[in-house]
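Let me begin by presenting the structure, written as structure tokens, before commenting on it.
Each ligand, and each atom within it, is numbered from 1 in the order the structure gives. Please read these numbers as outputs of a predicted model, since none were measured by experiment.
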Amino acid sequence: MTRQNLNELFARTSFLHGANSSYVEALYGKFQENPGAVSADWRAFFTDLKERKEDVLAEVQGPSWKRKDWPPSADGDLVRALTGDFSEVEREIEKKIAAKAQEQGVKITQGQTLQSVRDSMRALMLVRAHRVRGHLIADLDPLKITDRKLHPELQPETYGFGEADMDRPIFIDKALNKETATMREIIALLRRTYCGTTGYEYMHISSPEEKAWIQQRIEGQDKDIEFSELGKKAILSKLMESETFERFLDKKFTGTKRFGLEGAESAIPALEQIIKRGGQLGIRDIVLGMPHRGRLNVLTNVMGKPYRALFHEFKGGSANPEDVEGSGDVKYHLGVSSDRSFDGNNVHLSLTANPSHLEIVDPVVLGKVRAKQDQMGDKEREKVLPLLLHGDAAFAGQGVVWECFGLSGLKGHRTGGSIHFIVNNQIGFTTAPRHARSSPYPSDVARGIEAPIFHVNGDDPEAVVHAARVAIEFRQMFHKPVVIDMFCYRRHGHNEGDEPSFTQPAMYKRIRAQETTTAIYSKRLIEEGVVTEAQVTEMSAAIVANLEEEFQSGQNYRPNRADWLVGRWSGLSQAEEGPRRGETGVNMDTLKAVGEKITYIPENFTAHKTIDRLFGNRRKMIDEGKGVDWAMAESLAFASLVNEGLPVRLSGQDCERGTFSQRHAVIIDQENEKRYTPVNHIAKGQEAKLEVINSMLSEEAVLGFEYGFSLAEPNALVCWEAQFGDFVNGAQVVIDQFLCSGERKWLRMSGLTLLLPHGYEGQGPEHSSARLERFLQLSAEDNWQVANCTTPANYFHILRRQLHRSFRKPLIIMTPKSLLRHKRVISDLEDFGPESSFHRVLWDMAENGKAEKVKLVADDKIRRVVLCSGKVFYDLFEERESRGNNNIYLMRVEQLYPFPARALIQELGRFPNAEIIWCQEEPKNMGAWNFIEPNIEWVLDNLNGKHRRAKYCGRAASASTAAGLMSKHQAELKAFLNDALTL
Ligand SMILES: Cc1ncc(C[n+]2csc(CCOP(=O)(O)OP(=O)(O)O)c2C)c(N)n1
């Protein structure tokens, strides 16, 4: 179709786009069969159109790169409404009414038919209004403080139905599961379904199937929330356990912070329902994440952590045996795992340890889930469920919540739908909802990804459990996130020592008068005859007796085993001191074979000509055994790992190609846009794969996700790459709270690798620094590794080392930009071969005969050693070449942390007469200087030589990371190189 035709079409029908392609297609089919079957407008258009149907549809369907599942096909009503052809719906209804009348042998006049059609249309509008807005007048708030006025769109009068019209039967075309109903019945059904103690928000979903499924599940006379006697008793019992537990803690440990769940107890039977129903629907593993509120209750009453263990911790005892190292954490941050079994279905549960920073655990949970799904081969992502609990203020306020929703539909990060349970106690510390968010509900952010949202009154435990059931069913059916927003209250202050009436006197007056959820539900069940008062008292007494018994056992309780290095982690151990090189060299034959595969472009694949050339060059590196550059070294590292059966996962913005167009891990056929990942074609039946993911433009959630993945999968190399190193700032919380301290706080190892492009090349303040200084400041207690490598071979080994040792530690690497194409930044293939390994300190290249001009003097004649790290080494090297200076030695610290003290004692010991300089390209208050100065001093003290301290050579301290002007950058560089190389 020509652009002119298209424009014409757009002018006439503004809805012609991919969303309606199936509609247009169907219409065109109809037209081809019988031109009279489509409206005059369309007939004229299709007749005008001389071209082939395929062309029309190809245009309508849009470009090949567009998302296949988006936009979803529009529902018929909407399309008709959009085209202004609403009369078609009316005509259909008219036909149905006539057919019905005929079937019943009733004669109706044309006037009567018209009246019926109008009734139908107006009644259906009322039905639709309830589906969309019913929740606005639902009875959601147990405290009844929210003003939920009748909404005009939900009033029958608005649609012309007065009292006199209430009992006339109206044809409603199977809406509400009924063909015909009176307005009185319709209103009753609508109010019961949409305005009771559950308010459904789902009409923002554009998929007709999902919408219809929810309607089928909740609408109609037979869809009332109903539980068996056994079910009701189970709910009561869980509520009682939950409430009694908090009371018991309050009595025994009065005033101790516990962030009690009181006012939100219905969350406990709801979680129980998700596990139970989930188990029936194929869930085998649930990873939970939650904040402080109610955590102790969830730990004991859902996860099955023994009460005695918790009581022991309340008394100041450790959660781990005494001989286990670690600095520990407060009890309301700790994780735990357990197995629960319902009706023969076993479900493994693990609650992820988290820091105080609300919501940051969410992406970590998602990453763990993804790894477990991969391990189980759970392609449909139906066996492992992410289950997240939230506070209302945090859910509305923390951006990472949205970022996680953003990940939910993406190939590299989806998890088959997370369930979100908001404990909406209508307060955040001391802040009221009207000051905590700009939208009506805390859950509104979920509308953006078309997740269904079930608002529910926490004082109706059956409604809450029902919402939980529908939520897990929906998730299993459609693999999308679902949100339960449970309106409730917080009985005490933010923690148990806080006085809430300072700030919310009216609310707390109501709360003090509010009966507990358990009391309300007990009364209801007594009235229904499900239990007797005596039984309730008995149940409660039994719970207290058990808690007392556990309390006594807690006196002598000692944890006998720490929950770490078990399951997938068994076989790994705590890291020991030493060089810890690992066996990272690869046999030459393997290197060559693998190198050949990853530079091969299949016959029937049309690569871009630059890629063709690039791959040819890479092949030459293998054939000639020299000149291996950075990107090829990385590719060899990935390929050799997958070749050993160890998967590699790399995510980051644009990382398939690589920000600097260096990687090309996935190549694209220029003819048909087919993708080809060479590393995944190393061997027939290759099991371990390289998964490279162009991620969403987020740092916080994506890094959190990859960290979570690495927690659950020790035997994959998991890497996250920042587009430029400075963007890692956006994920600082993950770095501070998890990556650098997770092992010490929670005994959780991670081998996550961060690739952070870093280097001063005159690109301005934002693209120069990955803030090396921050990582070094956080370095302590052997918590991770920070490196700034200068050779492709060292990069290859440090990546492989991540999986070839008996422990896992996060790795932060400053990665190059200009050095990716620097003529000196190459390695020989044999530096990857057997016996080769990672070097924490690297010698002067002039010693290896790689300098053209400089031949160094004997070690004792060396007058200065310039220590440095990263790219600046090459600037120093070339400047020295141009000066021809042969008594200055350039030594590289490739791994900054753990600081290679012993290696440096050995290497610097060679130069007894040399002064020591630390040279860096970063300003003095940044880079490694503040970290490395005392470390070098320690080394020099140990050497006991003439020089005891290193001198600084580099840029002056600066507020901004780098100069904005290239000329200023160059001048600074020239000045400090001069300082470093002038004796
Ligand atoms: C990111 C972050 N900011 C601030 C805090 C401090 N803080 C702890 S709890 C809380 C209120 C949370 O309110 P809400 O999410 O509604 O949960 P609730 O305590 O009411 O259950 C705040 C502000 C925090 N823990 N994390």
Side-chain angles (χ1 to χ4, degrees), residues 140-143 145-146 242 246 257-268 270-271 288-299 329-334 352-364 388-404 420-446 455 458 483-504 507-508 511 517 700-701 703-704 729-738 745:
L140 300 179
D141 178 11
L143 301 177
I145 43 179
T146 31
S242 159
E246 298 285 358
K257 271 192 206 174
R258 64 188 152 85
F259 299 105
L261 188 65
E262 295 108 309
E265 287 91 343
S266 294
I268 299 295
L271 294 180
L288 289 99
M290 71 175 298
H292 51 286
R293 175 87 43 224
R295 190 174 183 111
L296 304 183
N297 218 313
V298 170
L299 278 173
D329 200 355
V330 290
K331 27 187 185 308
Y332 39 84
H333 290 166
L334 295 179
T352 310
N354 61 274
S356 176
H357 203 116
L358 292 165
E359 304 296 345
I360 196 64
V361 76
D362 304 356
V364 177
L388 292 164
L389 278 81
H390 314 267
D392 48 324
F395 197 75
Q398 292 294 303
V400 72
V401 171
W402 166 253
E403 289 191 18
C404 287
H420 299 263
F421 193 101
I422 306 174
V423 174
N424 180 357
N425 57 19
Q426 311 185 74
I427 192 164
F429 205 153
T430 66
T431 303
R434 69 182 185 283
H435 297 133
R437 59 176 188 264
S438 299
S439 68
Y441 296 105
S443 52
D444 289 307
V445 62
H455 307 285
V483 178
I484 301 159
D485 171 29
M486 184 182 81
F487 275 62
C488 54
Y489 58 93
R490 186 189 72 193
R491 183 159 290 278
H492 306 293
H494 175 59
N495 65 55
E496 289 60 34
D498 253 350
E499 175 48 64
S501 300
F502 290 152
T503 50
Q504 272 77 20
M507 183 187 208
Y508 273 83
I511 291 176
T517 313
E700 192 176 15
L703 184 60
N729 293 348
Q732 195 63 44
V733 190
V734 179
I735 290 160
D736 287 353
Q737 322 287 36
F738 289 97
K745 290 195 287 197

>> Can you confirm whether L703 sits close enough to I735 that some side-chain heavy atom of one is under 4.5 Å from a side-chain heavy atom of the other?
In response: yes
> Under a 4.5 Å cut-off applied to non-hydrogen side-chain atoms, are F259 and H492 in contact?
Replying inline: no
>> Exactly one of I427, T431, I145 should register a side-chain contact (heavy atoms from CB on, under 4.5 Å) with Q504. Which one does?
In response: I427
Close N/O pairs between ligand 1 and protein, under 3.5 Å:
unit_1, atom_1, unit_2, atom_2, d
ligand 1, 15 (O), A393, N, 3.4
ligand 1, 15 (O), A394, N, 2.9
ligand 1, 16 (O), D392, N, 3.4
ligand 1, 16 (O), D392, OD1, 2.7
ligand 1, 16 (O), A393, N, 2.9
ligand 1, 16 (O), I427, O, 2.9
ligand 1, 19 (O), H292, NE2, 3.1
ligand 1, 19 (O), R293, NH2, 2.9
ligand 1, 20 (O), N425, OD1, 3.0
ligand 1, 20 (O), N425, ND2, 3.0
ligand 1, 20 (O), I427, O, 2.9
ligand 1, 21 (O), R293, NE, 2.8
ligand 1, 21 (O), N425, ND2, 3.2
ligand 1, 25 (N), S356, O, 2.9
ligand 1, 26 (N), L358, N, 3.1

> Are the side chain of R490 and the backbone N or O of F429 linked by a donor-acceptor pair below 3.5 Å?
Replying inline: yes
> So do the side chains of K745 and P355 get within less than 4.5 Å of each other, counting heavy atoms only?
Replying inline: yes
> Side chains of P363 and E700: does their closest heavy-atom pair fall under 4.5 Å?
Replying inline: no
